[in-house]
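What follows is one structure encoded as structure tokens, with my remarks underneath.
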Amino acid sequence: APQYLMMATTTSTDNTGLLNVLAPAFEKATGIELRWTAVGTGKALELGKNCDVDILLVHAPNKEKKFVEDGYGVNRREVMYNDFVIIGPPSDPANIKGLDVISALKKIRSHEALFVSRGDNSGTHTKELKLWKEAGINGLDKEKWYIQTGQGMLNTINIATERDGYTLTDRGTFIKYEANHKGTPPLVILVEGDKLLLNQYSVIAVNPKRCPKVKYDLALKFIDWITSQEGQKVIGDFRLMGKQLFVPNAAEQ
Amino acid sequence: MNYILEGFIGAINLLLTKDPETYSAIWTTLRISTLSITFTLLLGIPLGFLLGHYSFPGKRVLRTIVDTLLALPTVVVGLLVYAFISRRGPFGELGLLFTIPGVAIGQFILALPIVVSLTASAIEGMDPKVYLTIKTLGASNKQAAIASLWEGRYAVLAAAITAYSRVISEVGISMMIGGNIKWHTRTITTAIALETGKGEFSMGIALGAVLLAFAFFANTLVSFLRRRA
Amino acid sequence: MNYILEGFIGAINLLLTKDPETYSAIWTTLRISTLSITFTLLLGIPLGFLLGHYSFPGKRVLRTIVDTLLALPTVVVGLLVYAFISRRGPFGELGLLFTIPGVAIGQFILALPIVVSLTASAIEGMDPKVYLTIKTLGASNKQAAIASLWEGRYAVLAAAITAYSRVISEVGISMMIGGNIKWHTRTITTAIALETGKGEFSMGIALGAVLLAFAFFANTLVSFLRRRA
Amino acid sequence: MKDIFRLENVIHQYSGRTVLDIQNFEVKEGEALALLGPNGSGKSTLLRILAFLEKPTKGRVYYDGKMVNEPSFAHRREVTLLLQNSPLLKRSVEENLCYGLKVRGKTSNMQEKVRTALEMVGLNPQKFAKRKWFELSGGEAQRVALASRLILKPRVLLLDEPTSSVDSESAKVMKEAILKAKNQWGSTLVIVSHDLAWIYQVTERALSLFNGKLINHVPENVLSGNWEPRNGSLFALKLSDGQIIMGAGNPMESSTALLDPKDVIICAEKPEEDSALNALEGTIVSMNLVRDTGQVLVKTLVGDKTISSLVTEKSMKNLHLHPGLKVFLHFKASALKWLQ
Amino acid sequence: MKDIFRLENVIHQYSGRTVLDIQNFEVKEGEALALLGPNGSGKSTLLRILAFLEKPTKGRVYYDGKMVNEPSFAHRREVTLLLQNSPLLKRSVEENLCYGLKVRGKTSNMQEKVRTALEMVGLNPQKFAKRKWFELSGGEAQRVALASRLILKPRVLLLDEPTSSVDSESAKVMKEAILKAKNQWGSTLVIVSHDLAWIYQVTERALSLFNGKLINHVPENVLSGNWEPRNGSLFALKLSDGQIIMGAGNPMESSTALLDPKDVIICAEKPEEDSALNALEGTIVSMNLVRDTGQVLVKTLVGDKTISSLVTEKSMKNLHLHPGLKVFLHFKASALKWLQ
Ligand SMILES: Nc1ncnc2c1ncn2[C@@H]1O[C@H](COP(=O)(O)OP(=O)(O)OP(=O)(O)O)[C@@H](O)[C@H]1O
Ligand SMILES: Nc1ncnc2c1ncn2[C@@H]1O[C@H](COP(=O)(O)OP(=O)(O)OP(=O)(O)O)[C@@H](O)[C@H]1O
Ligand SMILES: [Mg+2]
Ligand SMILES: [Mg+2]
């Protein structure tokens, strides 16, 4: 039987359709089938800890580093990034359009404008919390204007849509959302381009010393391939509605 | 394996320390499920009687459709209800999305086929002489229906328990319609889904144990009622 | 609203164009559910008979526990099974995670209480004279159990239909244990969850309609069998 | 007295099989009518139609002078039926008795009424009122079922084998209870029973059903078997001891004949030979006084058949009839009436 | 003949209430025993114990010489019981009959056996074999239930009210079927019935149950009511026409007395006054020949009570007894036996 590699990844890579392009390209290049389960970042890391997958593709740099430091993973390589954006209703009740992130969050706070948070410890949520912290705003948990959905990105955007709220999203998912609305989304990008909003994706092989049964050799092959020019080109060429979703950056390391 | 042990300790912890998030989820679960099961039983038991008792053309097809609706996945129910009550849907004005009544509507749709189908089975399985006996004693059609259901009370109760269990354990509708909004529409099951998604498996198990404790409490009550009937 | 209509058109499209992803999910659903329901019925019906028929100390408590287990959320079942069959769990060696038998184990746990509880209710609701009659005709205990179940065949069938519907409509276990791996463990319900997560609501509805068509087909078969019995 | 029930051209079928075919049938208000007939002749079906539980496949049913097309519960509140092997409701005895009162909203004095009704059927209220439905013997359950009809003081009381599992003492008590319903409350009674001795004590008039058809004849002397054609229009039925019964007429398919006990004469000697006259030798096995008439129903065993004849006290005395006596039964071949 | 059943000190209770209390009870292999007694006396309970469906609360049950502690299905394959109001299985008539054969693995020749069994109970196999369980009248269902026991040719056949809803013709057919089981297959019979006339034709020996206790006495003449103490150890029971029955002894709580029909003498005149001798005036209502004995059971209506007496053919002839005759019944106050 042909060999296969088991990957745990976050929903954003699957929902945007990137993996549907990456997997066949990888198989064509190496003859190895890529199978993936798309889950939250936290769950993906947990699956890795339990040796249930061979490789991870996730986007929560701090947690990833800790994962490697604790000996659960090896060979972490950054692969690509996209960026986060703050979206909201075109009427922009807190007047944040064009501001930098920190000022925008402060304005949302002072207007008590509705903000929808994922609240699920995902990469995006972690990022959002970090930004609030940098803006010097705490104690959000029980604020009336601050809603925590505990759901995936797209569902969270949908809730923001229903409620005319702001939210922080990765650009890939937003483009997908735009596509769902045939290019005329009810929520629009209001804040983007800030350095603080970078969203880095990395691959990590599960540590074969802890998990003797993982297919470490295949994992290495995947890491080699995706960081190679060939793999990076596939990422760079991936388009949705004519827009690039991810910027390959393996070479920068 | 550790998750399970940790989970059970966690459950006891949550309950004993009166963890506010957990109690909020329990309370929300109780409100939603009470609302949905009440309407389900009020409509489902009579419909089940009609379907089980009367013969009419197309009955077999109708029965098959009801049984088919037992297989409605919660996400699909969620999507259907969402289509109607979203702001852009026909009932958007009512503001039911992300509210407890909104979720209850979805759960009602989920549980109705269960109650109808199992009640109909209970009635069909009954000795036809029982219904005749009730009628010979002078009952009107409605009184006879009630008395028949009382004769089959154990089976009807089983239908109710099955439906209630389905409702408190479902997650798709609560997630889609309720939005799993913390302090508002987060139920025990949506909280479990969230924790699991975070990789907090033992917390997921802990909340699962809390839900079961809740169900056990409800079933114990029922079991006492059953004994008296 | 639109996506409901689009969904139905989409469903017909998927089925008519023999969309390979859809057919793969249907096939996977069929394989998993057949496996799980077979074992559930094989174990659940006899256990239900024992629980419904015999009186023993602690019966009421056991009954309450079984009824409580009806409320097991799928995610929790998923977590529990995961804890055992994860590589680091006690049965990790068997490599059941992300496989069809693995999911079937979880669904078995989900459906077993349904079959046991409803079968027990069916047996309890039966006129005790029926069992006596069977015994007077010389049946051994096992033969008498089989004949009693046959006497209550409509109720037992209702238990089986309810359990099967639960199994094909569940998503939590398939997601957690199966991993929703395309071409391998993606079932109709996990595909619905995926599409819904992507915001492809009409595709979600379309797949939901496909699932219901599948269930309708199964129930129609059952309804013919029922007519002949 | 006016008719409380009238049936016209009623036909009832189950899956295409005609089980009831009645051209005319009346029940007078206040009368006590016995409905007799062998198993499967349609008695229970007829009672279900009278109780408005079933609509006949064809035909008209009049109740209290009016044609009933869509029976409502108002009809069923006047007419109550004790089903054959009637089940009890899964409640206590007391609640079984109260149910009919409750659905009528007559909730006053229920305790008292329950007590009276139980006593009417010979059950001790103290012992039985609180029992659960399954804590009863067969006959006790049967009597509770009757009590829960009597408690309603119905206008029409239809009883399907009320004494089928009841002991003889209790049957007597039930007889009195039923007659009380008739005499004190004016209830009309239609009773099906195979216990002829019992039912003759309760009813004034008897009709029989055979294969769904009404016959104005008590179903004594049903002669069925293999009727062989003889010379002329005579048919012969062989008995187990070799004697032969001759019947005149046309047996057709059913080959069942009825012989009215009034048409059978008991003699001490064998009369002269006559092929159209039957003269059967047999032994008297029982003699029963018929209520209110002074006549006696004498049953004589001839071969394996028991033939009843109705005799006056006078001729009985003259002949010194007694059980065990060998006698000859005379009746004309033309006295046999063939069932269709 | 050896005992097939022996019960010793058997007590059976339902929720603390003792319903059966039997010190000694034997059934001989091959005999036909009638079990009589009023409703609720424990007949069905005893049959369930004999059929190994229920274990007595206390006491020992011997079957075929061996004590049975844990009855197995091997026992139940030799002993079959027709329950009171026995339900049919929800299958066709044919399948009902075959079920018992199938569980025994005796699947050869089933068609033929079904045919024979149905004919034994007077049902036409062509008409009935394929019917569903609910397409039967009460009496037809009862006969199907009996047929599905007869088809097993059981070693012991226990019947609980086999004729309760069966017409008299069919009852005769059933009698023959049951006697065939006894005479041809050597089956032991224990039969409960309230139809005394029928059961006397089938059985050779009769026992009665009263309040769970066995009494070697046919339950004719059960005198219950309000026994009032008189002088000495005499008690008096007032009848509806003012006459009084005197009983000697101690009625205790039950206040029910039995009077053996053999102890009642029929006279044409009233004897001289004697407080310890009863002399009741009444009218003969029926006279029945008792099978094989030549004796006649005469029933006399005294007030509202019917009292049976057993007379020889000779004294019957001497007195010119006949139904409708006014007679005096004599019996000693000490002839009354009190039930505990
Ligand atoms: N539900 C039914 N479906 C088909 N046939 C039926 C049904 N009920 C009764 N029958 C048939 O109809 C006929 C009349 O039945 P019914 O019960 O009226 O007889 P019955 O006179 O009451 O007999 P019994 O003395 O045995 O009670 C019988 O031949 C019976 O087999
Ligand atoms: N399941 C039960 N629970 C409690 N009491 C019962 C139960 N079954 C029977 N009894 C009682 O036990 C006694 C004996 O009942 P059993 O059925 O043996 O009487 P029976 O002699 O067969 O009467 P019948 O002639 O009415 O059939 C009755 O007093 C009855 O009320
Ligand atoms: Mg009948
Ligand atoms: Mg009994």
Side-chain angles (χ1 to χ4, degrees), chain A residues 8 10-11 37-50 52-53 56 58 60 63 66-67 72 89 114-126 140-165 167 181 186-187, chain B residues 1-4 6-7 19-21 24-25 28 75 78-79 81-89 91-99 102 171-205 207:
Chain A
T10 65
T11 40
T37 182
V39 294
T41 301
K43 189 168 167 185
L45 294 172
E46 196 71 15
L47 288 175
K49 279 186 194 171
N50 289 336
D52 289 324
V53 290
L56 306 175
V58 288
K63 286 184 186 165
K66 180 147 191 312
F67 185 81
Y72 295 123
L114 195 73
F115 187 91
V116 182
S117 164
R118 282 183 65 173
D120 63 350
N121 274 10
S122 59
T124 312
H125 184 223
T126 315
L140 290 167
D141 189 36
K142 291 206 170 180
E143 291 286 357
K144 272 225 171 63
W145 55 271
Y146 185 79
I147 292 181
Q148 302 176 63
T149 66
Q151 295 199 56
M153 194 66 251
L154 225 132
N155 288 338
T156 303
I157 297 178
N158 280 329
I159 292 176
T161 310
E162 287 286 339
R163 287 291 186 87
D164 272 341
T167 191
H181 286 275
L187 298 185
Chain B
M1 278 304 285
N2 289 348
Y3 303 126
I4 299 181
E6 281 170 24
D19 175 63
E21 291 191 23
S24 159
T28 307
V75 202
L79 282 173
V81 174
Y82 179 84
F84 283 88
I85 67 173
S86 105
R87 275 226 311 234
R88 306 202 307 164
F91 303 113
E93 296 301 301
L94 300 176
L96 287 168
L97 196 62
F98 310 132
T99 65
V171 57
I173 298 167
S174 302
M175 198 60 113
M176 183 88 199
I177 307 296
N180 185 27
I181 297 170
K182 200 168 169 185
W183 306 119
H184 293 281
T185 55
R186 181 161 299 169
T187 62
I188 309 183
T189 53
T190 59
I192 294 172
L194 173 60
E195 295 301 333
T196 309
K198 284 195 220 169
E200 301 279 359
F201 292 173
S202 43
M203 187 64 182
I205 297 214
L207 287 165

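Naming: A, B, ... by sequence-line order, numbering from 1 per chain.
Taking 4.5 Å as the limit, every side-chain heavy atom of B/F98 sits out of range of all side-chain heavy atoms of A/I147. Contact check for A/Y146 versus B/K182: no side-chain heavy atoms found under the 4.5 Å cut-off. Contact annotation: the side chain of A/N50 approaches that of B/Y3 to within less than 4.5 Å [non-hydrogen atoms, C-beta and beyond].
Neither the backbone nor the side chain of A/N155 comes within less than 4.5 Å of any heavy atom in chain B. No part of A/L45 comes within reach of chain B, as not one of its non-hydrogen atoms sits under 4.5 angstrom from that chain. When heavy atoms are compared at a cutoff of 4.5 Å, A/S117 does not approach chain B at all.
Annotation: maximal heavy-atom pairing with chain A below 4.5 Å, among B/T185, B/I181, B/T196, occurs at B/I181. Considering only heavy-atom pairs separated by less than 4.5 Å from chain B, the leading option among A/G40, A/G119, A/G150 is A/G150.
Taken from CD in A/Q151 to CG in B/L194, the straight-line distance is 9.0 Å, to the nearest 0.5 Å. Distance check, rounded to the nearest 0.5 Å: CH2 of B/W183 to CG of A/D141 gives 5.5 Å. Separation of atoms CZ (B/F201) and NZ (A/K43) is listed at 5.5 Å; rounding is to 0.5 Å. Between the CZ atom of B/R186 and the OG1 atom of A/T149 there is a distance of 7.5 Å, given to the nearest 0.5 Å.
Between the A/E162 side chain and the B/R87 main chain, a donor and an acceptor come within less than 3.5 Å of each other. Formation of a donor-acceptor pair under 3.5 Å by the A/N121 side chain with backbone atoms of B/K198 is not found in this model.
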